[in-house]
There are 2 protein chains.
Amino acid sequence: MSVGHTAVTTPVPDEPVIVCETPQDECGVRDVLDRLGDKWSVYVVVELASGIRRFKELQRAIPGNISQRMLTLTVRRLERDGLVARTVYPTIPPQVEYELTEMGHSLTHLVKTLADWSIAHRPAIAASRAAWDAAATEPTTEPATAP
Amino acid sequence: MSVGHTAVTTPVPDEPVIVCETPQDECGVRDVLDRLGDKWSVYVVVELASGIRRFKELQRAIPGNISQRMLTLTVRRLERDGLVARTVYPTIPPQVEYELTEMGHSLTHLVKTLADWSIAHRPAIAASRAAWDAAATEPTTEPATAP
DNA sequence: CAGGATCCCATCGGATACTG
DNA sequence: CAGTATCCGATGGGATCCTG
């Protein structure tokens, strides 16, 4: 079917109509990515999704050995954006608890979507990379099986 | 209710059970973010979601004036990951077309999810930031209406 | 314990300039 | 047109030291 049809611009199957209406507009996608695209924010959200955590608890729970500096910065930004709530108990030693706000919790669905996609396509991506890197290494395009 | 109950760890409402099973594991979320979290990848995907594009077309369509250098780097990485297909027509001047692969198209749903969340919560985030910044500016915490 | 202040390096990304 | 190569400033993020 469709042999020589004119509208071949979009040979796409379904498509969710994608995002933008106005071209040259960033549609808001950057907004989220600027917030979660950094090295640690997602981990904080994921960990806090399980419940309230203290500073040290967070630091220990997050994979990759986050420095206290980065944890502070990350958690502050999330707090500023209203995604994380911070409660200080003026005790000695001090105790500070972090938890997701309602809006913060709404992020977890989104994070799950990201993770699901990633896990589903990880093998394919790895294969593609391997093929690409192999092609970049070997000189000839054809399987010449050299001498 | 729950006055002194022990299992107060998760006062959460619903939650999609979130992502990780194994703690200290990055669950794959980083994978996607390392791929889309950079400055331009999402724009390329969004633009290519509408159909095939040539290099210059892409560059012009993407908001924010991407440099040819970054467009090349971005598009190459996407190609290496198997998200974008590149077709070269050895003409003079050269013509190169880019399009999403099937896997690339599967990204659009995910991008839409991101955009939807962003647009939905943008006002709340802006308000939170405004409040935060205001609190950071004024010295006293209470509405003392100073002298 | 929580986190502010510094120092310092690695990477990202922009601006040309040059080629096939 | 579609890149590649270089230079270079801005930013991200780690390590360390210090305080309430």
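Chain A is the first sequence line, chain B the second, and so forth, proteins listed ahead of strands; every chain is numbered from 1.
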From [atom1] of [X] over to [atom2] of [N], roughly how many Å is that when rounded to an integer?
X	N	atom1	atom2	result
A:K56	C:dG3	NZ	P	11 Å
A:Q68	D:dT16	CD	P	10 Å
A:D38	C:dT11	CG	P	18 Å
A:Q95	C:dG3	CD	C1'	15 Å
B:I66	C:dC12	CD1	P	14 Å
B:L73	C:dA15	CG	C1'	14 Å
A:D34	D:dT11	CG	P	13 Å
A:R86	C:dC1	CZ	C1'	12 Å

Would you tell me if any nitrogen or oxygen in the side chain of [X] comes within less than 4.0 Å of OP1 or OP2 on [N]?
X	N	result
A:R54	C:dC1	no
A:S67	D:dG14	yes
A:R76	C:dG4	yes
B:R77	C:dC12	no
B:K39	C:dG14	yes

Establish whether B:L58 and B:Y89 are linked, either directly or via other cluster members, by ILVMFWY side-chain heavy-atom contacts under 4.5 Å.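 Different hydrophobic clusters.
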Exercise. Same cluster for A:L83 and B:W132 if Ile/Leu/Val/Met/Phe/Trp/Tyr side chains link at under 4.5 Å?
Worked result: no
A:P93 vs A:T72, nearer the 5' end of DNA chain C by closest nucleotide: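 Residue closer to the 5' terminus by nearest nucleotide: A:P93.
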Exercise for the section: Answer yes if the side chains of B:D116 and B:T113 hold a donor-acceptor pair under 3.5 Å, and no otherwise. Expected result: no
Given DNA chain D, 5'-ward residue of the pair B:P94 and A:W40, judged by closest heavy atom: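 It is B:P94 whose nearest nucleotide is closer to the 5' end.
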Picking from C:dG14, C:dT16, C:dG3, the nucleotide nearest the side-chain atoms of B:M70 would be C:dG14
A:F55 has its side chain closest, among C:dA2, D:dC1, D:dG13, to C:dA2
### Exam field: side chain A:T72 to backbone A:Q68, donor-acceptor pair closer than 3.5 Å
yes
*Under 3.5 Å, side chain of A:S128 to main-chain N/O of A:I125, donor-acceptor pair present?*
no
Check your understanding: Which part of the nucleic acid does A:R69 contact within heavy-atom distance under 4.0 Å: base, sugar-phosphate only, or nothing?
Key -> base
- prompt: How is B:Y98 classified with respect to the nucleic acid when contacts are heavy atoms under 4.0 Å: base, sugar-phosphate, or nothing?
  reply: sugar-phosphate
